[in-house]
Amino acid sequence: MIEVKDLVRQFKSGDRTIKPVNGVSFELEKGTLASIVGKSGSGKSTLLSLLGALDKPTSGDVVVDGVSLAGLPAGKLTEYRRRDIGFVFQQFNLIPNLSAVDNVMLPMEFAGMRKTARLERARSLLEQVQLDPEKQSRRINRLSGGEQQRVAIARALANKPKLILADEPTGNLDEQTGEHIIELLSSLSRDHNTTILVVTHDRSLAQKTERRFRLQQGKLSEETVRPRVAAGT
Amino acid sequence: MSVLARSVGNAFRNKIRTAAVVAVLAVAIGLALAMLVANQAVGGKVQELNASVGTVLTVNPAGAQGFDGGGEPLTTAQTATAAAVPNVVSVVGTKALRLETATAASTSTTGTTTQQAGPGGGGPGGGTSVTTNLQAAIDAGTLGTRNNASSSTGSGSTGTGNTGTAPAFSLPITATGIGAEVDTSGKALNITSGTGLGDYTVASTKALVGTTLATKNNLKAGSTFTIAGRTFTVAGIFDAGTTFGNNAVYTTLAEAQALAATPGELSSMVVTVNSMDNVDAAKTALQNALGTSKADVTQGQRNLQTAVSSLDSVKNISLVAFIAALGTAGLIILLIMVMLVRERRREIGVLKAIGARNRTIGLQFVLEALVLVALGSVVGAAIASFASGGIASALISSNSSTSTASQRGPGGGGFGGPGGNPFGGASQLLTSVTASASPGVIAAGVAAVFGVAVVGALVPALLTARIRPIEVLRGE
């Protein structure tokens with residue numbers, strides 16, 4: 001279970017104080033597929049960074065399965081990212097000179113998994129995200145945008161994280177490929193019982209998630225709670 | 001894929017840039033290794049010089065040197081006095097003889113008495129002339145004829161003073177009785193064929209003959225010749241390295257004393273001091289022990305000090321150049337890795353976001369740097385193995401030229417005489433330094449390069465720890 005308690009992040013910009021995240025609180029049950037929508041600059045990515053321990057909140061706390069992130073030292077936060085979080089980025093952010101399977105193996109290597117085990121799991125995950133086996137050993141720059149995003153999702157799942165944070169995962173993809181990616185995230189959330197939080201400005205994509213939040217001027221409001229929409233509908 | 005494999009892969013990510021970096025590193029590393037090789041070669045030569053020729057003192061009778069001058073002869077008993085002087089490690093007595101053919105001796109007798117006795121020959125410290133069946137290997141030439149003429153028309157106080165036309169002149173052969181297997185400068189004899197004389201302290205009819213003298217007289221080991229009517233067997237042929245030095249014969253000290261009929265007398269003593277640092281002190285002590293009225297103590301081949309000094313300069317220059325080239329290699333690595341870290345900031349941010357530790361990322365960059373250095377070292381070692389000899393020679397020749405100019409001073413000439421080489425035999429020592437890239441020296445140099453590279457790569461590796469993933473990924 002993910003609990004976000006009165007989260008605030010503020011920056012100084014000259015004489016002004018900006019609060020892209022201003023008193024955000026919510027909870028997500030395990031295995032939930034949720035989305036946050038909002039305009040550009042509304043603070044979506046900042047909120048995601050706080051949840052992923054890439055940034056520290058000015059105040060407030062994030063509690064993951066009863067463990068508070070506030071006050072954790074840098075080393076523990078790195079461990080949290082490695083073990084409990086999976087990131088999916090708009091720009092994919094894969095390592096360009098590595099193959100698809102090597103990219104998926106990276107987080108497992110950082111977690112200390114043995115090579116044979118991580119190779120086996122990486123291939124299994126790439127199959128789950130429906131990347132053709134013959135493309136698994138290709139370098140990243142020889143894959144299409146949709147294929148790269150599938151690899152990124154497989155990488156995010158590598159260490160069986162509690163929470164996957166996806167920042168505009170379809171932002172660089174065409175509509176049809178974007179549809180496939182969100183279907184994939186939905187099915188993975190269900191199959192792996194993993195909480196997935198998607199940040200997007202695409203309302204049609206957000207409608208396919210169980211819970212939909214709206215972030216406006218740093219304030220979060222929940223728009224919809226509904227049963228998960230079946231894939232492809 | 002392990003950190004090492006990833007580092008190797010990253011090193012070749014941009015092949016053109018990798019080739020350029022390796023080429024630049026190879027030049028710096030090659031230069032560093034070449035300088036190290038030159039430094040080791042020159043250092044070895046300096047040690048060799050310090051341990052041998054540079055620590056030798058020569059003792060002559062006061063007022064005499066070789067066949068010149070006069071005074072009282074040295075005695076075998078004085079070797080014990082010399083040996084007791086602090087820092088003296090060995091004392092070798094010598095007895096000089098002049099060997100002339102019977103014809104030349106007869107001409108001298110009827111012509112120039114000074115020639116018979118030799119310059120200073122009448123004096124007890126000089127060489128004694130005895131007959132031999134050997135022909136000198138050196139033609140008199142212009143210098144020999146002129147010297148003969150000047151001595152025959154000079155102040156031959158004991159001669160009959162033949163001031164007429166100089167007779168046909170044949171150069172004598174130098175024969176030296178020695179107490180050990182060294183030449184008169186204390187340097188070990190270079191016997192090129194045959195053997196030594198064994199025990200140099202007892203009378204023996206075995207002799208060592210110089211290469212040119214042996215060639216002139218068709219001698220080889222086992223051949224015989226005569227001195228003062230006695231038959232000598234050639235035990236070995238030696239190479240003194242000079243034409244004059246090879247027109248010579250060595251016998252045991254006792255044998256030479258017997259041939260000259262002067263038992264117990266010495267022409268000179270070759271005294272070896274334990275260290276070049278103690279040479280001056282030992283020289284003073286030796287002079288005091290033997291007495292200024294009885295012996296002149298000179299430092300054998302003092303010009304070698306100039307050679308050693310010159311080589312020391314080359315050694316220092318090569319050491320500084322080695323350190324500079326090493327530092328340059330380290331700086332190249334530092335700048336390249338800083339550039340790579342800046343270029344891969346986003347990638348580093350991503351690695352941190354997915355859970356990589358700072359030390360894992362830092363290690364990856366250090367290993368990448370070491371891969372580049374390893375490639376540069378391979379090419380650099382090849383460069384050094386080809387270039388070290390030439391670089392060492394260039395360093396030595398440029399340094400000895402500088403020394404030559406400074407030694408000659410205004411007006412030129414210097415102590416080598418007009419047009420002469422001021423280093424004398426030392427110049428041969430300078431050019432005889434052979435810089436060859438031995439595996440040990442190359443390995444030591446490469447180890448030093450790797451040490452510097454690790455330091456150079458650590459700085460950018462530590463910079464990666466300062467990269468915050470949020471700042472890098474904010475551009476999403």
Side-chain angles (χ1 to χ4, degrees), chain A residues 9 11 20 44-46 48-50 52-56 74-75 77-99 101-112 115 118-119 122 139 141 152 155-156 158-159 161 165 167-169 171-172 199, chain B residues 1-19 21 336-337 339-365 367-369 371-372 461-476:
Chain A
R9 181 67 171 105
F11 302 101
K44 304 188 296 291
S45 295
T46 304
L48 221 57
S49 299
L50 294 171
L54 294 176
D55 196 9
K56 287 194 171 183
L77 289 176
T78 302
E79 190 182 330
Y80 162 73
R81 285 198 300 271
R82 183 166 60 238
R83 197 184 57 203
D84 294 335
I85 298 290
F87 284 102
V88 179
F89 302 99
Q90 182 179 353
Q91 307 278 3
F92 322 132
N93 281 333
L94 298 163
I95 307 302
N97 66 321
L98 298 185
S99 66
V101 73
D102 283 337
N103 266 282
V104 179
M105 285 166 66
L106 267 180
M108 294 183 263
E109 182 194 321
F110 299 149
K115 189 177 179 181
R118 60 181 192 246
L119 180 62
R139 281 198 174 192
N141 51 16
R155 184 180 69 181
N159 287 333
L165 301 169
D167 191 357
E168 302 280 9
N172 265 14
V199 160
Chain B
M1 178 174 274
S2 66
V3 178
L4 178 61
R6 209 161 48 246
S7 302
V8 173
N10 282 341
F12 292 98
R13 197 185 275 196
N14 184 334
K15 291 183 176 60
I16 294 173
R17 183 168 62 196
T18 300
V21 169
I336 292 293
M337 296 317 291
M339 187 184 75
L340 290 179
V341 166
R342 288 180 66 84
E343 190 179 280
R344 295 190 201 150
R345 279 173 62 83
R346 172 175 286 272
E347 192 176 309
I348 293 166
V350 171
L351 290 174
K352 287 190 175 188
I354 64 174
R357 296 178 186 88
N358 284 333
R359 65 168 180 267
T360 304
I361 298 170
L363 178 64
Q364 180 181 313
F365 276 88
L367 289 175
E368 186 174 342
V371 169
L372 294 172
L462 292 174
L463 283 180
T464 63
R466 296 169 63 93
I467 294 173
R468 294 180 60 210
I470 180 63
E471 290 170 4
V472 177
L473 300 172
R474 194 166 276 161
E476 285 287 313

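Chain naming here is simple, since letters A, B, ... match the order of the sequence lines and numbering starts at 1 in each.
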Practice task
Side-chain contact test, heavy atoms from C-beta onward, threshold under 4.5 Å: evaluate it for A:E109 versus B:V3 and give yes or no.
Solution key: yes

Exercise for the section: Tell me, for A:R83 versus chain B, whether the close heavy atoms (under 4.5 Å) come from the side chain, the backbone, both or neither. Expected result: neither

Practice task
Heavy atoms only: give me the nearest B:A353-A:F89 pair and the separation to one decimal.
Solution key: CB-CZ, 4.3 Å

Exercise for the section: Step by step, work out the side chain to side chain contact (heavy atoms under 4.5 Å, CB included) result for A:I95 and B:L351. Expected result: CA-CA 9 Å; A:I95 307 302; B:L351 290 174; 4.1 Å; yes

Exercise for the section: Please tell me if the side chains of A:N97 and B:R6 come closer than 4.5 Å, counting only heavy atoms from C-beta onward. Expected result: no

Practice task
Taking atom CZ of B:R359 as the centre, report whether more than 12 heavy atoms of other residues, nucleotides or ligands fall under 6.0 Å from it.
Solution key: no

Exercise for the section: Measure the spacing between CD1 of B:I470 and CG of A:L48 and express it to the nearest 0.5 Å. Expected result: 9.0 Å

Completion exercise
Honestly, the part of B:N358 sitting under 4.5 Å from a heavy atom of chain A is neither

Exercise for the section: Sort A:P96 into side chain, backbone, both or neither according to what part of it lies under 4.5 angstrom from a heavy atom of chain B. Expected result: side chain

Handout entry: Min side-chain heavy-atom separation A:K115-B:S2 under 4.5 Å
Key = no

Handout entry: Over 12 non-hydrogen atoms of neighbours within 6.0 angstrom of CZ in B:R342
Key = no

Problem - Under 3.5 Å: donor-acceptor pair, side chain of B:R357, backbone of A:T78 - result: no

